[in-house]
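Contents: one structure, followed by commentary.
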Amino acid sequence: DSLFPIGAFAHSDGLESATTVGGVSTAESLGEWMGVCLDETLGRYEAPAVVLAWRATAEGRWTDLRDLDQDVHAMRPSSTSRRANRAMGARLLKTWRQIRPGGIPDEPRYLFQSADGLTLPVAFGVVCVAARIELGSAVAGYLYTRLAGTTSAAMRLMSIGQHEAHAMLAAVLLRAPAVIDGVIERGEPPVAFTPALDLAAMGQQYVRSRLFRS
């Protein structure tokens, strides 16, 4: 995000709320949080959206891409998370168009120039096709940036050092290749069922002194 800023640094995806109430307070509980993020939030919801968006863009199926984006948006129960997801997706597309004019296909222009923009996973898949990044690398890149963002947020919210935090990130990433292979092989639509993470995201607005927007 520091090299390709889309505003992700301003969002914790509910981790700030979870640390405030003590649900995540140790390195062990942070590891459990990140494990659920990998297996459920990324493995069943966001990564499948990246895969389907990549394939729909590569094949020019713009109606499918639009429908996928609407599904991904609707699956987020928190209004702040929905806004954040679209805001980061819009920033990603806007930045890519600025540095690579003409890189986004003209056919679905109505999708990419809407006021709300696309959700982040869908926009990521679109940009990776435009950048000629193959599917496996696209999904791997998405998982890394999301998990690294969680690690960065944790270092600002908890009493955890850089070495310990990045050792935990490395441990979680060891399981990422299997998750990526499974997501690509199945090619299933995204699903979402992470009630504890969703409740944390919805509780963000009640945190008294906030560092993050979501």
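A 4.5 Å side-chain heavy-atom check between T151 and M168 finds every atom pair outside the cut-off. In this structure the side chain of L52 reaches within 4.5 angstrom of the side chain of P190, judged on heavy atoms. Using a 4.5 Å heavy-atom cutoff, the side chains of L169 and M34 are in contact.
Applying the side-chain contact (heavy atoms from CB on, under 4.5 Å) test between L38 and each of T150, L173, V179 identifies V179 as the sole match.
Residues passing the side-chain contact (heavy atoms from CB on, under 4.5 Å) test with A131 are W96, I133, sequence neighbours excluded. For R76, the side-chain contact (heavy atoms from CB on, under 4.5 Å) test picks out D13, Y45, E46, S81, R82, N85, R146, with sequence neighbours left out. Listed by chain and number, the residues in a salt bridge (Lys or Arg N to Asp or Glu O under 4.0 Å) with D181 amount to none (sequence neighbours excluded). Every residue two or more places apart in sequence or in another chain that forms a side-chain contact (heavy atoms from CB on, under 4.5 Å) with R61 is listed here: R55, A56, E59, D64. E32 pairs by the salt bridge (Lys or Arg N to Asp or Glu O under 4.0 Å) definition with nothing, not counting sequence neighbours. Among residues two or more places apart in sequence or in another chain, the salt bridge (Lys or Arg N to Asp or Glu O under 4.0 Å) test is passed with E164 by none. Residues forming a side-chain contact (heavy atoms from CB on, under 4.5 Å) with D67 (at least two apart in sequence, or on another chain): T63, Q70.
Judged as a ring-ring contact (aromatic ring centres under 6.0 Å, His included), not a single pair has a partner in residues 15-38 (not counting sequence neighbours). For the side-chain hydrogen bond (donor to acceptor under 3.5 Å, both in side chains) condition, the pairs that include at least one residue of residues 190-200, sequence neighbours left out, are T194-D198. For residues 123-170, the set of pairs meeting the ring-ring contact (aromatic ring centres under 6.0 Å, His included) definition, not counting sequence neighbours, comprises F124-Y142. The side-chain hydrogen bond (donor to acceptor under 3.5 Å, both in side chains) pairs that include a residue from residues 118-135 are D69-T119, E134-S137, where partners are two or more places apart or lie in different chains.
The hydrophobic cluster containing F193, built from Ile/Leu/Val/Met/Phe/Trp/Tyr side-chain heavy atoms closer than 4.5 Å, comprises no other residue.
The environment of CD in Q98 is crowded: more than 12 heavy-atom neighbours from other residues, nucleotides or ligands sit within 6.0 Å.
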